[in-house]
A.B. asks: 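Input: one structure, supplied below.
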Amino acid sequence: MAVAAAGAGSGPWATQEKQFPPALLSFFIYNPRFGPREGEEENKILFYHPNEVEKNEKIRNVGLCEAIVQFTRTFSPSKPAKSLHTQKNRQFFNEPEEHFWMVMVVRNPIIEKQSKDGKPVIEYQEEELLDKVYSSVLQQCYSMYKLFNGTFLKAMEDGGIELLKERLEKFFHRYLQTLHLQSCDLLDIFGGISFFPLDKMTYLKIQSFINRVEESLNIVKYTAFLYNDQLIWSGLEQDDMRILYKYLTTSLFPRHMEPELAGRDSPIRAEMPGNLQHYGRFLTGPLNLNDPDAKCRFPKIFVNTDDAYEELHLIVYKAMSAAVCFMIDASIQPTLDFCRRLDSVVGPQLTVLASDICEQFNINKRMSGSEKEPQFKFIYFNHMNLAEKSTVHMRKTPSVSLTSVHPDLMKILGDINSDFTRVDEDEEIIVKAMSDYWVVGKKSDRRELYVILNQKNANLIEVNEEVKKLCATQFNNIFFLD
Amino acid sequence: MGEEDYYLELCERPVQFEKANPVNCVFFDEANKQVFAVRSGGATGVVVKGPDDRNPISFRMDDKGEVKCIKFSLENKILAVQRTSKTVDFCNFIPDNSQLEYTQECKTKNANILGFCWTSSTEIVFITDQGIEFYQVLPEKRSLKLLKSHNLNVNWYMYCPESAVILLSTTVLENVLQPFHFRAGTMSKLPKFEIELPAAPKSTKPSLSERDIAMATVYGQLYVLFLRHHSRTSNSTGAEVVLYHLPREGACKKMHILKLNRTGKFALNVVDNLVVVHHQDTETSVIFDIKLRGEFDGSVTFHHPVLPARSIQPYQIPIAGNGFCRGVSAAVLPRGCVLTMIFGSHIKSYLWNLQVKLEPIVNLLPDKGRLMDFLLQRKECKMVILSVCSQMLSESDRASLPVIATVFDKLNHEYKKYLDAEQSYAMAVEAGQSRSSPLLKRPVRTQAVLDQSDVYTHVLSAFVEKKEMPHKFVIAVLMEYIRSLNQFQIAVQHYLHELVIKTLVQHNLFYMLHQFLQYHVLSDSKPLACLLLSLESFYPPAHQLSLDMLKRLSTANDEIVEVLLSKHQVLAALRFIRGIGGHDNISARKFLDAAKQTEDNMLFYTIFRFFEQRNQRLRGSPNFTPGEHCEEHVAFFKQIFGDQALMRPTTF
């Protein structure tokens, strides 16, 4: 997919320029142990995208990766190569489970220029892609697969290579289409969770609600509570919640448009079960509880794969802006009766709770004062609780995450992050970017803050002061060194 | 019926007295709760026994005829004896006053004295069939002074000592009641009111019987209780007790109707603000609590018995050589007294106080919310409520979370009421109103006030120790209690938060803990921050959480510095203390020590130079003073960087 050239460039050829964003070239998963002998190399390959590629080429590409990893291992036995840079593309390697390798090949962005004689000249932008961003994307691919399918090893135990291949094919065939490599950025590295700001009392009410529901619907093992696509409570462990959150906010929620927002005559509204008492509805599972033939099939998820290895049904239920995930043991098949009971127990309570939260949120917003558009944008991330906050990104949609700043600035943020990763100590980096922008990165006790300031003719001292002010207003309740 | 089922019992120490007979006359004074045994008109002795005093008063008086009524004034100062229908005799019991009797005749001509009541130690009211006369007794003059009187036809009267109100029955039907209130020499007439009599067959003349009326104070308010018998003409299902509220000011109003759902003979008691109705035929009693929610029809609230009917717990009286004997109820007096008589070889009479036993009620009232409403109004409720709380959290009788929440909310509602009263009292005292306003009283802490430490000590600390409890339930209960406290805006004590943390840590639920802290559900405090610090080895993010908490406290800057120094973050500590403007007062030695320990020479140099500059700025010389004890650091600095690296004093 080509994005129309933004005319930000300069020079006489600007009008002739065409830009092509990074794109997925291929994606494959292999295990070298499955075809160690010559002639059996094909057996190593568990999944290959695009599938149309000729067999020998698949084998060659896999072999190359294997060789590179093996070769680099001699220099760094504990940390083998993570990526390979070439002029046209970049390859990312990941070994999520022992001997199972995932490889993603991304084509570098291209600028197509019109030379003086009218012939197109292609220029690969080798330095544009950030390793950390795409390595994270690759790791996320695995996490997402594992969430819905369990580990590779478990599939092998359950049904051998055939089952594993089947699962990989089924999952990645669809999933790869949803990777939007052109809009990956710093947030993909963090894989953070946006938490909904809430006062203590409303939070306790939610706690009380969850505890009561878990008591009355005793097959519910874990519960997660979200409002406005932001997390409020997770009964799941952090790592599992992280990927579930990603799934909910980038895939499930955007697919379900708010029927409350839809017009009165819209077809979505007509599908709603005729329930006047509350606004609750299932996002997974039965669409209409009054239909006796309604299917009570819920997606299965796998959590705690390192120890307990739990398989769960994921029930997502929503009323207005409040969404609750109920997870029940996969050995128990939820019946339509159960769904109706859940609807009658949770629906009315959740509807009230959702309007309480909304009201409380508006009060808090009014109290903090409706600030006018500030002079800065920032991204905040805390490694300890994965809390993420961004005023750079406008909104997550299933297709693209829209940013409100120039991609070049986003790249600077990524570079600063790479610098932070290299050292353990707290530090601060201030960058003067093109035009009037200043970019500041701060790292303090496992927290990272990136600020983009747009102030005409500001000097270093002034920028430093601005950031101090920002910390004092936005982060006054945490220990953030300045 | 199990023993634990009886919820009414007789007191431990009854007043015992000889049975009435032609020689021995027995009188009971409700005001002082005294029993008078008058032998041979007093000539062979009068014995007065009260429920409280162990030492009975005994004296002798001349037999001047049959005693109709005998009563002490309050504090046993003056004895009044009525022997004729026109006069009352008095005798001083005050030391140094003449003990010669003196007499007062009623002022109204042709009137007969129905009785008399003491309203204070020296004030007395005569009730005659033609009105009332209010006197002051002057013991030293051995005479009485009429203060006030009022004429009206009286059928019968009733006196409530606690509220000093006399009720007079007037009119032919006897059902118009005229109350009078007495206080410190004044008599005030309250608005009269009429008791609606139930419809009766035409042949009989309806009238209000004295037996069917009682007066009692319930929840601090005076009520006239009317026992309305079942009438066959109406379609009511049984007799009922009608409560008329008699306010200090304003008209009397019908407020409550207690449905007895049975017919026959009844007797009433008021004990611990409960109306106890005894039914003679079944020898059982029921209790009513007018504070419990009833059915309100717009003007009157209908109540049903709180509990199923039960007998009063049988009381066994040891009798010498004869084993035990059962008490037989003979008479019930309002205001919590029961008279019993024992038949057999030893005829004796007893006066008891009736008591409500709370423990059996716990199992008789399954609705926990209603049970709490009931218990919180009782005098001796604390331990019973705590046991109810423990019980609902026990494995065998575990209540559901909504029920537990209701119980906590009711407890905290009462707790908050007390805290608010306490606070406004404190504010009023501070504002110096204590002298100007006599109404200002320190709020009384009743047993119904159960604070966090009570619940923690008696209920929660034992509850979280129970191994068999699912941790999910334990945490849910703790959070429910914290939610309830927050809902009533009561500051949660840190030991409750520590209990939550302890439980979460025990079950490795660190992520849950993190989320609670993130939303400030566990309020910031230094003890909590220290607890978090100690958890760092199990859960590294606890360090960050602890630092954040210390920062928010804003009174813990020293602790923050200590934490950072212990982590060898010397520069961070220095920057922090400088950021809050405290760097002029910190100990140089402490920072230099920490810097030296890092074995980072450049860091040591930086820190050393910082303090040299501070010395220069504060004292005009970069040198450390002996009091700072930095000699070893100076030596160390010289050893590494040389003498010439030391900062030179700036000379002007």
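Below, chains carry the letters A, B, ... as their sequence lines are ordered, and counting in each starts from 1. Treat the numbers as computed from the prediction; the structure is a model and nothing was measured. Computed over heavy atoms, backbone and side chain alike; hydrogens, waters and symmetry mates excluded.
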A.B. asks: Are side-chain N/O atoms of A:N385 and B:Q518 paired as donor and acceptor at under 3.5 Å?
C.D. replies: yes
A.B. asks: Less than 4.5 Å to any heavy atom of chain A: does that hold for the side chain of B:S554, its backbone, both, or neither?
C.D. replies: neither
A.B. asks: From the options A:F225, A:F361, A:Y245, select the one residue that forms a ring-ring contact (aromatic ring centres under 6.0 Å, His included) with A:F196.
C.D. replies: A:F361
A.B. asks: Would you say the ring centers of A:F475 and A:Y380 fall short of 6.0 Å from each other?
C.D. replies: yes
A.B. asks: If you tally heavy-atom pairs under 4.5 Å against chain B, which of A:E425, A:R446, A:Q207 wins?
C.D. replies: A:Q207
A.B. asks: For A:E427, is there an ion pair with A:K443 - N to carboxylate O distance below 4.0 angstrom?
C.D. replies: no
A.B. asks: Which region of B:K567, side chain (C-beta onward) or backbone (N, CA, C, O), has a non-hydrogen atom less than 4.5 Å from a non-hydrogen atom of chain A, or is it both or neither?
C.D. replies: neither
A.B. asks: Identify which part of B:F473 has an atom lying under 4.5 Å from any heavy atom of chain A, answering side chain, backbone, both or neither.
C.D. replies: side chain
A.B. asks: Please name the pair of heavy atoms, one in B:S525 and one in B:H494, separated by the smallest distance, quoted to 0.1 Å.
C.D. replies: OG-CB, 3.8 Å
A.B. asks: Quick one: do B:K416 and B:D409 make a salt bridge, cutoff under 4.0 Å?
C.D. replies: no
A.B. asks: Could you tell me which non-hydrogen atom of B:L550 sits nearest to which non-hydrogen atom of B:A556, and how far apart they are?
C.D. replies: CD2-CB, 3.5 Å
A.B. asks: Contact part of A:L236 toward chain B, heavy-atom cut-off under 4.5 Å: side chain, backbone, both or neither?
C.D. replies: backbone
A.B. asks: Determine, for A:R447 against B:D548, whether the closest basic-nitrogen to carboxylate-oxygen distance falls under 4.0 angstrom.
C.D. replies: yes
A.B. asks: Just to be sure I understand the criterion: a residue of residues 212-221 of chain A counts if one of its heavy atoms is under 4.5 Å from a heavy atom of chain B. Which ones qualify?
C.D. replies: A:R212, A:E214, A:E215, A:V220, A:K221
A.B. asks: With a 4.5 angstrom heavy-atom cut-off, could you sort out which part of B:E480 is near chain A: side chain, backbone, both or neither?
C.D. replies: side chain
A.B. asks: With respect to chain A, which residue among B:R552, B:Q544, B:R578, B:K551 yields the maximal number of heavy-atom pairs within a distance under 4.5 Å?
C.D. replies: B:Q544
A.B. asks: Is it true that B:E395 and B:K467 make a salt bridge, defined as a side-chain N closer than 4.0 Å to a carboxylate O?
C.D. replies: no
A.B. asks: Determine the minimum heavy-atom distance between A:Q230 and A:S194, stating which atoms define it.
C.D. replies: NE2-OG, 2.9 Å
A.B. asks: Given that the side chain runs from C-beta out, which part of B:H520 has a heavy atom under 4.5 Å from chain A: side chain, backbone, both or neither?
C.D. replies: both
A.B. asks: Taking side chain as everything from C-beta outward and backbone as N, CA, C, O, which of these in A:N382 sits under 4.5 Å from a heavy atom of chain B? Side chain, backbone, both or neither.
C.D. replies: side chain
A.B. asks: Of all heavy-atom pairs between B:K590 and B:L565, which one has the smallest distance, and what is that distance?
C.D. replies: CD-CD1, 3.6 Å
A.B. asks: Quick one: of A:M384, A:M241, A:K205, A:H383, who has the most non-hydrogen atom pairs under 4.5 Å with chain B?
C.D. replies: A:M384
